[in-house]
Amino acid sequence: MAQSKEQRILEFVKENAAKGDPQSVVDHIDKYCNQKEWAMNVGDEKGLILDKVFTETNPTTVLELGTYCGYSAIRMAQLMKQGSRLLTVESKPEHAAVAKQLIEFAGVQDKVQILEGATETIIPSLKTKYEVDQVDFVFIDHFKNFYTSDTKLLEKCGLLKKGSVLLADNVVYPGAPDFLEYVRTSGHYDCTNYPSHVEYSDKLDAMEKAVFKGN
Ligand SMILES: O=c1[nH]cnc2c(O)cc(-c3ccc(F)cc3)c(Cl)c12
Ligand SMILES: [Mg+2]
């Protein structure tokens, strides 16, 4: 079986990064994806926006939609306070397998739980199966077609509280126009746009922060 790009990223990190050092893992993923093969990690430029919004929120319960290789999960885990937890949802088993190994190599496995499956199936099970009450921070970075439906599902399942922060990647490229329309016009969110660029590229992109105002 030929090695996948994600497996090559994992191998590069294991051979070059410092084990147990999340920032070293993040830096080496960026180094590989800048110099060798592009990959859809949030990256260093948008990663700084993620860090800033995450730190401002200082969340206890974090949900990520779209794990991929675990880059943003590792980035967030190193900023998380004692006793907080990150649940990250990944639909592709081969991506979840690489993410699990990178998260363990980084030493943040005690804070991060990977949930394999479709978001529309997992979100309704968070309260009962994963003992989640409400989420303080949601990083949306899976597929643009599911941004709006998953946001509405989070609302319907009572997972958002006044002040819960949604941060969505790629709202310009590949783009999530219906999501922007929804959060900006529904009346349930206070929105902020953060212009940036596609990871490891000069293509324009942006992230959108949407703070839930309560029901
Ligand atoms: O599918 C994605 N999910 C989560 N994040 C993504 C991302 O950050 C970037 C891209 C992307 C951008 C430009 C390009 F030329 C090819 C791919 C995708 Cl496609 C995703
Ligand atoms: Mg993305």
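Order of listing sets the numbers, starting from 1, for every ligand and every atom in it.
Checking side-chain atoms of Q134 against main-chain N and O of L160 turns up a donor-acceptor pair under 3.5 Å. Formation of a donor-acceptor pair under 3.5 Å by the E6 side chain with backbone atoms of V98 is not found in this model. Put simply, the side chain of R8 gets close to the backbone of Q3: a donor and an acceptor are under 3.5 Å apart. K5 contributes a side-chain N or O that, together with a main-chain N or O of W38, makes up a donor-acceptor pair within less than 3.5 Å. With hydrogens and angles disregarded, no donor-acceptor distance shorter than 3.5 Å links the side chain of K36 to the backbone of I9. For T61 (side chain) and V135 (main-chain N/O), no donor-acceptor pair under 3.5 Å exists by modelled atom type.
Closest to the Mg ion (ligand 2) among the N, O or S atoms of D141 is OD1. Within D169, the N/O/S atom positioned nearest the Mg ion (ligand 2) carries the name OD2.
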Exercise. So N170 and D205, side-chain hydrogen bond (donor to acceptor under 3.5 Å, both in side chains) or not? Walk me through it.
Worked result: CA-CA 6 Å; N170 309 117; D205 191 12; 3.1 Å; yes

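Protein heavy atom closest to atom 9 (C) of ligand 1, with residue, atom name and distance, is E199 OE2, 3.2 Å. Protein heavy atom nearest atom 6 (C) of ligand 1, with residue, atom name and distance: N170 OD1, 3.2 Å. What sits closest to atom 20 (C) of ligand 1 on the protein, heavy atoms only, is M40 SD, 3.5 Å.
The Mg ion (ligand 2) lies under 2.8 Å from an N, O or S atom belonging to N170. Coordination check, E199 versus the Mg ion (ligand 2): failed, since every N/O/S atom of the residue sits at 2.8 Å or beyond.
The part of P174 lying near ligand 1 is the side chain, judged by heavy-atom distances below 4.0 Å. No part of K144 comes within 4.0 Å of ligand 1, judged by heavy-atom distances. If you look at D205 next to ligand 1, there are no close heavy atoms at all, none under 4.0 Å.
Checking Y200, Y173, W38 against atom 11 (C) of ligand 1, the nearest heavy atom belongs to W38.
Taking 4.0 Å as the cut-off between side-chain N and carboxylate O, R184 and E208 count as a salt-bridged pair.
Ligand 1 places these atoms under 4.0 Å from at least one heavy atom of D169: 8 (O). Contact atoms of ligand 1 toward H142: 1 (O), 2 (C), 3 (N), 4 (C) (distance under 4.0 Å to a heavy atom of the residue).
A cation-pi arrangement, defined by a distance under 6.0 Å to the six-membered ring centre and an angle within 45 degrees of its axis, is absent between K213 and Y189.
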